[in-house]
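In this text the structure is predicted, and so the values were computed from the model without any measurement. When reading the values below, keep in mind they use all heavy atoms of this one structure, side chains included, and skip hydrogens, waters and symmetry mates. Residue numbers start from 1 in every chain, and the chains themselves are labelled A, B, ... in the order their sequence lines are given, proteins ahead of strands.
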Amino acid sequence: MPKEHAALIRRAIESAQAAGELPAFEIPEVRVQPPANPELADYASPVAMQLGKLARKAPAQVAEIIIRHLPEAPFVGEVSVAGPGFINFRLSEAWLKQQVEAIIAEGEGLFTLDIGQGKRAQVEFVSANPTGPLHIGRTRGAIVGDTIARLLEAAGYTVEREYYFNNAGRQMEMLGRTLQVRYLQMIGHDVAMPADGYAGEYLKEIAEELLQEVGEDWIGKGWQPFKEYAEKIIFGWIRNSLHRLGVYHDVFFNENSLYDDGSVWKALDDLRARGFVYEAAVWEGADEAERAAAEAQGTPAATWFRSSTLGDEKDRVVVKASGDPTYTLPDVAYHVNKFERGFDQMVNILGADHGTQYKTVQRGLTALGYDPAKLHVVIHQMVRIYKDGQLIKGSTRAGDVIPIDDVLDIVGSDPVRYFLLARSTNTDVDFDLDLAIARNNENPVFYIQNAHVRCAGIFRMADEQGFTDEGADLDLLGENEAAFLRQVLRMGEALTYAIDEMAPHQIAFYALETARLFHPLYDSVRVFHSEVPEDVARARLRFYHAAKVVFHRLLTLMGMSAPEVM
RNA sequence: GUGCCUGUAGCUCAGCGGAUAGAGCGCUUGCCUACGGAGCAAGAUGCCGGGGGUUCGAAUCCCUCCAGGCACGCCA
């Protein structure tokens, strides 16, 4: 709606200029927003205050002139000047009530925007390597990523959800070796854990499963089959956890494929061709002390990426002296692959602990001639878990993580989703397990869902009485219903803003606000009551039909269930 | 030390350069003849971390200081 109002104001200014009532000047961007206090107006524009200087008139006077030239529009009700020069708009109440039909007609596609029409978007998220069960930090990324994907779909994009993983390398070898040790220990061998092994209990569980499956046949085997076995089980866990949260991926991209098709080494060659690669024991900008230390230790030469020329504080190793690439090189190759797939919009969800490292990848892309700004990186801050008032450190290696499944067993998917969604990605989250369990009856999530339940309840009652909302006269609706419809009409703005800013928490707050408006209304605007005439009841039933559509849409956007009964 | 994030009600957090800074939880007091009460109504609570600046207008933008989180590997 603000766009429509802004267009009207713009035309009014042009018309006033043509009539000589305002001097000629270039019209600045016309801003229109709902004011903080809804009693003042439905939408307000401060444009007259900005124009005061340009027009050399008092802002209130400019506002008057603009209003006089305002073209007619069906949605415009009362227009007035207020405060220091705001132009205040009311929506036409008659027009507003008719929006009930539009909402019902749009149904699940309610407020689908056209900004992504015909465009392809990709969201990469979770991307946890299969070294342990999904924990809450990764789950935050999963919820943020999935919700952004849903928002992009609501914006009209065709969205691909991708999970990037690495099932090779040292980490996975350690996983295999740890399982091997656990397996051998289980059948009575006295073997010690590897120094960097995975201490978590879950590998004992896997060892037990393995023992039941193969007996003692694997005693003489190397670590590789153990790694494969662990990977298979753990990936199953992760997928199952995501499934429980309503999160799905279209593509699982294996880092190995980048070695198989040569793109890792091609990325290195391309960097070299552009002059960003050299071989040395220490980086070019190293001081005397570093050089001397390297020489004394006989550090062998590695392959460096000259990232310092792109704003980095130092160069980074891309191929170790051993000949193996560091994480950077395949990661750059992966992103090149993404860019080459030609998405119109790319989003990558990362935890704060990966934020700094990602900058090296961005510099790699820049070096190769890609614009990293085309990939929108959403970095969410950390999730800290408290249990019995104690902070639980989240190290997979040390084994002190809490699998998200344990939380899901207790509180279920909807509260977990809402809790992780309903705050800005920029803030740290303290997840108090005891509180989550104890307070699950007071979670706002139920408040929102209950709005949907109440709508459904009215329709159950209507069915019993054989009463329908066909042929309702919407003019019979009252002010409360109109106020609710005003809020509903802001959903498009909420979605647009959430997508522009990649701020999915906006939708959670919008949903809560909308429910907050609904419940008092439900209390006073009754359908089935001896004092409500039949034609009014019919109009109200039609209204609740629209409200049900709204809450269903909101809950679906957040990946939450829209229950018919609580 | 450097980079990123944060500091708003007792707690957890919204707040997109605009009007009297908001919500949930908790607290106080009312409301069940009630379309499922996981509800409704009323009430209390704020040097928006400190200090400068930009602007007609700053919680919001810039600078600086203080406090906290994360990251700064030839780990991934």
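Candidate nucleotides B:G24, B:C74, B:G3 were compared by shortest atom distance to the side chain of A:Lys359, and B:G3 ranks first. If you check B:G69, B:G24, B:C74 against the side chain of A:Pro444, the one that comes closest is B:G24. Of the candidates B:G73, B:C35, B:G37, B:C35 carries the atom nearest the A:Arg526 side chain, counting heavy atoms from C-beta on. Between B:C35, B:G36, B:C5, one nucleotide has an atom nearer to the side chain of A:Gln381 than all others, and that is B:C5. Listed nucleotides: B:C74, B:C35, B:C40. Nearest to the side chain of A:Thr326: B:C74. The side chain of A:Ala352 approaches B:C70 more closely than any other nucleotide in the set B:G3, B:C75, B:C70. Residue A:Thr299 has its side chain nearest to B:C74 when only B:C35, B:G39, B:C74 are considered.
The shortest distance between the side-chain N/O atoms of A:Lys320 and the OP1/OP2 oxygens of B:C75 is below 4.0 Å. At B:C40, one or more side-chain N or O atoms of A:Arg516 fall inside 4.0 Å of OP1 or OP2 (strictly under the cut-off). Of the side-chain N and O atoms in A:Arg316, none sit less than 4.0 angstrom from OP1 or OP2 of B:C72.
Ring centroids of A:Phe253 and A:Tyr334 are separated by less than 6.0 Å, placing the two rings close together. Two rings, from A:Phe125 and A:Tyr163, have their centers 6.0 Å or more apart.
Across the protein-nucleic acid pair, A:Met174 atom CE and B:C75 atom P stand 14 Å apart, rounded to whole Å. Taking atom OH on A:Tyr358 and atom P on B:G73, their separation rounds to 20 Å, with Å as the unit. As a whole-Å value, the separation of A:Asp353 CG from B:C72 P is 8 Å. Atom-to-atom, CD of A:Glu564 to P of B:C35 comes out at 17 Å; the value is rounded to the nearest Å. Rounding to whole angstrom units, CG of residue A:Asp324 and C1' of B:G73 are separated by 15 Å. In this entry the distance linking CD of A:Glu313 with C1' of B:G1 reads 10 Å, nearest Å. Rounded to an integer number of Å, the gap from A:Tyr259 OH to B:A76 C1' is 11 Å. Rounding to whole angstrom units, OH of residue A:Tyr327 and P of B:G73 are separated by 10 Å.
The gap from the C1' atom of B:G46 to that of B:G30 amounts to 27 Å, rounded to the nearest Å. For B:C48 and B:G10, the P atoms lie 12 Å apart once the distance is rounded to whole Å. With both ends at atom P, the span from B:C62 to B:U55 equals 16 Å, rounded to whole Å. Remark: the separation of the C1' atoms in B:G7 and B:G50 is 12 Å, to the nearest Å. B:A58 and B:G51 are spaced 15 Å apart, taking the P atom of each and rounding to whole Å. The gap from the C1' atom of B:C4 to that of B:C11 amounts to 27 Å, rounded to the nearest Å. Using P as the reference atom, B:A23 and B:G43 are 11 Å apart when rounded to the nearest Å. On the P atoms, B:A67 is 23 Å away from B:C61, given to the nearest whole Å.
At a threshold of 4.0 angstrom between heavy atoms, the contacts of A:Arg460 include nucleobase atoms, whether or not backbone atoms are also involved. Among the atoms of the strands shown, none is found under 4.0 Å from any heavy atom of A:Pro59. Residue-level contact check: A:Val47 touches neither bases nor backbone, having no heavy atom under 4.0 Å from any strand. Among the protein residues, A:Tyr447 comes within range of the sugar-phosphate backbone only, with heavy atoms under 4.0 Å from sugar or phosphate atoms but none that close to a base. Within the nucleic acid shown, A:Ala294 has no heavy atom closer than 4.0 Å to any nucleic acid atom. Using a 4.0 Å heavy-atom distance criterion, A:Gly52 is classed as making no nucleic acid contact. Here A:Tyr544 lies in heavy-atom contact (under 4.0 Å) with a base.
Taking 4.5 Å as the limit, some side-chain heavy atom of A:Tyr164 sits within range of a side-chain heavy atom of A:Pro330. Inter-residue side-chain proximity for A:Ile458 and A:Tyr522 is flagged as met; some heavy-atom pair is nearer than 4.5 Å. In this structure, A:Ile448 and A:Leu554 have side chains that are not in contact, with every pair of non-hydrogen atoms separated by 4.5 Å or more.
Look at B:C66: its glycosidic torsion is beyond 90° from 0, and that puts it in the anti range.
Two residues, A:Asp523 and A:Val453, neighbour RNA chain B, and the one matched to the more 5' nucleotide by heavy-atom proximity is A:Val453. Map A:Val317 and A:Val565 each onto its nearest nucleotide of RNA chain B; the residue landing nearer the 5' end is A:Val565.
A stem is defined here as three or more consecutive Watson-Crick or G-U pairs, each with both distances under 3.5 Å; for RNA chain B these stems are B:1-7 with B:66-72, B:10-13 with B:22-25, B:27-31 with B:39-43, B:49-53 with B:61-65.
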At under 4.0 Å between heavy atoms, which parts of nucleotides 12-21 of chain B does protein reach? Answer with one letter per nucleotide, 5' to 3': B base, S sugar-phosphate only, - none.
SSSSBSBB--
side-chain hydrogen bond (donor to acceptor under 3.5 Å, both in side chains) for A:Tyr447 and A:Arg516? Distances and angles first, verdict last.
CA-CA 8 Å; A:Tyr447 189 78; A:Arg516 178 73 204 147; 3.3 Å; yes
side-chain hydrogen bond (donor to acceptor under 3.5 Å, both in side chains) evaluation trace for A:Tyr278 with A:Asp315
CA-CA 10 Å; A:Tyr278 61 91; A:Asp315 293 343; 2.5 Å; yes
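Under the 6.0 Å distance and 45° angle rule, A:Arg423 counts as a cation-pi partner of A:Phe419. A:Phe467 carries A:Arg538 over the face of its six-membered ring, with the cationic atom under 6.0 Å from the centre and within 45° of the normal.
Legend: ring pair (Phe, Tyr, Trp, His ring centres under 6.0 Å) pairs involving residues 30-49 of chain A, not counting sequence neighbours, sorted by first then second residue: A:His5-A:Tyr43.
Salt-bridge formation is detected for the pair A:Glu279/A:Arg272: a Lys NZ or Arg NE/NH1/NH2 atom is positioned less than 4.0 Å from an Asp or Glu carboxylate oxygen.
Side-chain atoms of A:Gln487 and A:Thr514 include a donor-acceptor pair closer than 3.5 Å. Side-chain N/O atoms of A:Tyr198 and A:Gln171 include a donor and acceptor closer than 3.5 Å.
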